Amino acid sequence: MKFFLDTAEIKEIEAGLEWGMVDGVTTNPSLIAKAGKPYLPTVQAIAKLVPGPVSGEVLATEYEEILSQGRRLAGLAENVIVKVPLTPDGLRAVATLKKEGTRTNVTLCFSAMQALLAAKAGAAYISPFVGRLDDIAEDGMELIDQVVTIYRNYGFDTEVLVASVRHPIHMVQAAMLGADVATIPFKVLEQLYKHPLTDAGLDRFTSDWKKTGMQFDQ
Ligand code: E4P
């Protein structure tokens, strides 16, 4: 499973890259607004930093404008993936962008049939939002299960990108279901490394060794 960072914060991306765990990045208008930086230059800066796919989202909702913003985003760098909302205009734009050689990430997916429509339109990635479904007492991971099965049944090459990830259990479930990608906040990436027994074990090894008074290279 590929790990994308779900952020527009350059410092978080740099840290994740140093750890060698970042295969790509996803952004959205809320994340870029939170970072407080100008839109296109931020997507471009991230794309320069990351040697993998970087999703930049269109702000438009009408077909022609989605296309025009999508083309501008795609022109920023070769690794920019155009993120498009799951609407009739959005999916129409996905098909057109695909013909032009531009890869898209269809966002705001909340049902299996929406995911099937996105695959039929030719999306490179589908982003089902698991956390937001959990928030309204639906089972976000059940949607991932459905989408993975449906895509496998028909041999679609659209990648299932688990979005709106809130905690490590989502990551375990996504990996067990065979999702292609999960995009995660930096905080969740940090949590994946953590286990109290790792910390306790490290403390014990360190203090036992200190008691001997010996050096590593003695
Ligand atoms: C990423 O592509 C999505 O925009 C993001 O994961 C949404 O996450 P949220 O539901 O925590 O805002």
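Start at 1 and go down the list; that is how both ligands and their atoms are numbered. Throughout, numbering of the chain's residues begins at 1 and tracks the sequence. As the structure is a prediction and not an experimental result, all values here were calculated from the model. Quick note: numbers below take in every heavy atom, side chains included, and nothing from hydrogens, waters or symmetry partners.
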Report yes if some N/O of [X] lies less than 3.5 Å from some N/O of ligand 1; otherwise report no.
X: Thr27; result: no
X: Arg166; result: yes
X: Ser164; result: yes
X: Ser127; result: no

Using a cut-off of 6.0 Å, state whether more than 12 heavy atoms not belonging to [X] lie near its atom [atom1].
X: Arg166; atom1: CZ; value: yes
X: Asp157; atom1: CG; value: no
X: Glu78; atom1: CD; value: no
X: Tyr193; atom1: OH; value: yes

Name the closest protein heavy atom to atom 4 (O) of ligand 1, giving the residue it belongs to and the distance to 0.1 Å.
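Result: Asn28 ND2, 2.7 Å.
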
For atom 6 (O) of ligand 1, which protein heavy atom lies nearest, and how many Å away is it?
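Atom 6 (O) of ligand 1 sits closest to the protein heavy atom Asp6 OD2, 2.6 Å.
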
Could you tell me which atoms of ligand 1, counted from 1 in the order shown, lie closer than 4.0 angstrom to a heavy atom of [X]?
X: Phe129; answer: 3 (C), 4 (O), 7 (C)
X: Arg132; answer: 7 (C), 9 (P), 10 (O), 12 (O)
X: Lys83; answer: 1 (C), 2 (O), 3 (C), 4 (O)

Tyr125 and Thr26 side chains, donor-acceptor separation under 3.5 Å
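Per modelled atom types, Thr26 and Tyr125 side chains form no pair under 3.5 Å.
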
Taking non-hydrogen atoms only, is Glu57 closer than 4.0 angstrom to ligand 1 via side chain, backbone, both or neither?
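Neither part.
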
In terms of side-chain geometry, is the basic nitrogen of Arg132 or Asp135 positioned less than 4.0 Å from the acidic oxygen of its partner?
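Salt bridge: no.
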
Gap separating the CZ atom of Phe3 from the CE atom of Met171, nearest 0.5 angstrom
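Between atom CZ of Phe3 and atom CE of Met171 there are 4.0 Å.
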
